[in-house]
Amino acid sequence: MNTQVLDKTQVNTAAEILKKGGVVGIPTETVYGLAADALNGEAVAKIFRAKGRPMDNPLIVHIADFGDIERFRLVKEIPESAKKLAKAFWPGPLTMIMKRTEVIPREVSAGLDTVAVRFPAHPLAQEIIRAADTPLAAPSANLSGSPSPTTARHVLNDMDGKIDAVLDGGMSEVGVESTVITLAADVPRVLRPGGVTVEQLREVLGEVEVDDAVLHQLKEGVTAASPGMKYKHYAPKANVLLLKGSDEQYISYVNAHAGDDVCALCCDEDLLLLRVKTLSLGRRTDYLTQAHHLFDCLRRIDENPTVHTVYSRLPSTEGVGLAVYNRLIRAAGFEVIDLEAV
Ligand code: AMP
Ligand code: MG
């Protein structure tokens with residue numbers, strides 16, 4: 001298959017492909033999505049094939065207006081909490097899980113009785129959804145397991161020849177996937193951290209739980225509330241190791257393990273002190289910038305085939321730092337070296 005590269009003037013071409021049941025890489029403010037008509041099970045199945053995504057991992061349905069939830073009868077009932085969150089954070093990087101109707105194909109919900117819905121803020125994403133005149137199922141547009149794409153080039157690196165088209169809308173602003181919150185449980189619970197922080201959600205809803213799988217590896221035999229959280233994820237080919245300790249401990253450990261095959265995924269403040277190849281995520285406490293750069297840095301590591309080991313600090317869990325933490329700890333396969341203990 002020849003993958004067309006479209007520009008921002010070609011929204012209608014993208015929409016025509018989607019209406020005919022095709023698959024298109026689309027820009028969103030979080031990461032690039034691999035979109036298909038969410039109400040067409042056959043079209044959605046193509047997304048799973050292109051990504052190599054396990055069929056038990058459900059997809060997020062993207063809409064271009066809060067009213068689309070009712071218009072397309074996506075959910076049984078819109079909870080009050082969803083209305084409050086939509087008012088505060090939509091359009092934006094927040095996905096809400098609600099009880100689904102029979103309109104949702106089984107490919108989208110992966111056998112669950114719920115559906116995940118998001119109203120993205122990216123103007124091109126909105127235009128494409130409106131022009132296609134249907135909600136779009138769209139997971140991140142990477143091969144399953146590799147870092148999510150934040151540019152059209154990243155999408156092509158993974159998907160060239162496998163999808164109908166990609167629409168280039170520049171670099172994704174947030175850089176990590178949306179926050180996923182389930183409203184189908186008694187107490188709202190965050191299943192995946194993202195651009196909207198737990199602190200912000202609590203300001204609107206009061207009590208909000210954070211699922212165990214956000215910070216920790218799931219214990220054997222435990223069912224994941226969000227199936228995506230159980231897979232090793234976001235990993236470059238090199239081995240990522242997370243170091244827990246002070247700034248000084250991090251720098252001296254990395255310098256003591258210097259070598260041509262080593263790269264430090266670090267912060268701006270570390271750059272002059274490290275004696276190995278470096279990639280900086282941004283300033284130490286600027287979590288928004290770190291999230292914005294994270295996946296691009298992980299992909300750059302793969303572009304340098306001599307790098308076999310990547311040393312990164314264990315990120316903070318504050319604010320959007322929690323989203324960076326959640327992705328990096330998966331990229332590292334949950335491997336953390338405690339520098340206090342070495
Ligand atoms: P991605 O499409 O790559 O952003 O991944 C979507 C994430 O949302 C995955 O972690 C899914 O497991 C999760 N997800 C989507 N729909 C549901 C649902 N109905 N219930 C729980 N998690 C969901
Ligand atoms: Mg993904």
Side-chain angles (χ1 to χ4, degrees), residues 18 26 28-30 33 35-41 43-44 57-123 125-139 174 177-211 214 224-229:
L18 290 163
I26 65 165
T28 86
E29 76 279 20
T30 57
D37 179 352
L39 307 182
N40 175 346
V44 172
N57 194 2
L59 306 183
I60 296 170
V61 174
H62 294 73
I63 56 175
D65 188 276
F66 185 76
D68 284 353
I69 300 179
E70 276 191 346
R71 180 175 161 223
F72 295 105
R73 278 204 326 111
L74 303 180
V75 310
K76 284 197 172 139
E77 191 191 349
I78 303 178
E80 277 310 307
S81 52
K83 291 178 192 162
K84 285 188 197 160
L85 290 178
K87 209 164 167 212
F89 304 115
W90 274 5
L94 179 69
T95 296
M96 302 188 218
I97 294 176
M98 296 172 266
K99 293 269 186 217
R100 68 171 176 85
T101 64
E102 73 292 347
V103 167
I104 306 295
R106 106 191 111 70
E107 288 83 356
V108 170
S109 57
L112 301 175
D113 61 357
T114 51
V115 63
V117 185
R118 183 166 97 86
F119 177 4
H122 198 298
Q126 294 180 6
E127 278 183 44
I128 295 166
I129 298 165
R130 283 196 200 104
D133 199 27
T134 182
L136 297 179
V174 178
E177 303 87 341
S178 58
T179 303
V180 176
I181 187 169
T182 179
L183 305 174
D186 288 343
V187 179
R189 187 152 41 98
V190 171
L191 303 183
R192 177 176 74 184
V196 173
T197 66
V198 175
E199 294 86 339
Q200 286 175 305
L201 293 167
R202 287 190 176 133
E203 266 173 41
V204 175
L205 293 184
E207 196 185 359
V208 172
E209 292 174 351
V210 177
D211 198 79
V214 167
S226 180
M229 285 285 132

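Computed from a prediction, not measured in an experiment: that's the story for all the values here. In what follows, every heavy atom counts, from backbone to side chain, and hydrogens, waters and symmetry copies are set aside.
- Among pairs with a residue in residues 91-102, those fulfilling salt bridge (Lys or Arg N to Asp or Glu O under 4.0 Å) read Arg73-Glu102, Lys99-Asp113, at least two apart in sequence or across chains.
- Taking Ser81 as the reference, Pro79, Leu183, Leu205 meet the side-chain contact (heavy atoms from CB on, under 4.5 Å) condition, with sequence neighbours excluded.
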(request) Applying side chain to side chain contact (heavy atoms under 4.5 Å, CB included), run through Leu136 and Val61 and close with a yes or a no. (result) CA-CA 6 Å; Leu136 297 179; Val61 174; over 6 Å; no

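- Looking only at side-chain heavy atoms (C-beta outward), Ile128 and Leu18 come within less than 4.5 Å of each other.
- Residues satisfying the side-chain contact (heavy atoms from CB on, under 4.5 Å) criterion with Pro139, sequence neighbours excluded, are Leu34, Ile47, Lys51, Arg53, Leu59.
- A heavy-atom distance below 4.5 Å is found between the side chains of Leu85 and Ile181.
- Between Ser178 and Leu94 the shortest side-chain heavy-atom distance does not fall below 4.5 Å.
- Every residue was checked against the salt bridge (Lys or Arg N to Asp or Glu O under 4.0 Å) condition with Glu127, not counting sequence neighbours, and none meets it.
- Side-chain atoms of Gln126 come within 3.5 Å of backbone N or O of Pro120 as a donor-acceptor pair.
- Here Asp211 pairs with Arg189 under the side chain to side chain donor-acceptor pair (under 3.5 Å) rule; sequence neighbours left out.
- Listed by first and then second residue, the salt bridge (Lys or Arg N to Asp or Glu O under 4.0 Å) pairs that reach into residues 82-93 are Glu80-Lys83, sequence neighbours excluded.
- Atom CD1 of Ile129 is separated from atom CD1 of Ile26 by 5.5 Å, given to the nearest 0.5 angstrom.
- No more than 12 heavy atoms of other residues, nucleotides or ligands shown are found within 6.0 angstrom of CZ on Arg106.
- Partners of Glu207 by side chain to side chain donor-acceptor pair (under 3.5 Å), not counting sequence neighbours: none found.
- Every residue two or more places apart in sequence or in another chain was checked for a side chain to side chain donor-acceptor pair (under 3.5 Å) with Glu107, and none qualifies.
- The side chain to side chain donor-acceptor pair (under 3.5 Å) check on Thr179 picks up nothing, with sequence neighbours excluded.
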(message) Between Val208 and Val190, is the side chain to side chain contact (heavy atoms under 4.5 Å, CB included) condition met? List the steps.
(response) CA-CA 7 Å; Val208 172; Val190 171; 3.8 Å; yes

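- A side chain to side chain contact (heavy atoms under 4.5 Å, CB included) with Met98 holds for exactly one of Ile69, Thr114, Leu74; it is Ile69.
- In this structure, Pro123 has no side-chain contact (heavy atoms from CB on, under 4.5 Å) partners at least two apart in sequence or on a different chain.
- More than 12 non-hydrogen atoms from other residues, nucleotides or ligands lie less than 6.0 angstrom from CD of Glu199.
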(request) Report the C-alpha distance between Val117 and Ile60 in whole Å, list the side-chain angles of each, state the deciding distance to 0.1 Å, and finish with yes or no for side chain to side chain contact (heavy atoms under 4.5 Å, CB included). (result) CA-CA 6 Å; Val117 185; Ile60 296 170; over 6 Å; no

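- When all heavy atoms of Leu39 and Phe72 are compared, the closest pair comes out as CD1-CD2, 4.0 Å.
- A pairwise comparison of heavy atoms in Ile78 and Phe66 identifies CG2-CZ, 3.9 Å as the closest pair.
- The side-chain contact (heavy atoms from CB on, under 4.5 Å) check on Gln200 picks up Phe89, Val196, Thr197, with sequence neighbours excluded.
- When the salt bridge (Lys or Arg N to Asp or Glu O under 4.0 Å) test is applied to Arg71, the partners found at least two apart in sequence or on another chain are Asp68, Asp133.
- In this structure, His62 contributes its side chain and Arg118 its backbone to no donor-acceptor pair below 3.5 Å.
- Closest approach of Ala35 and Ala138 over heavy atoms only: CA-CB, 3.9 Å.
- Considering every non-hydrogen atom in both Leu112 and Pro58, the closest pair reads CD1-CG, 3.9 Å.
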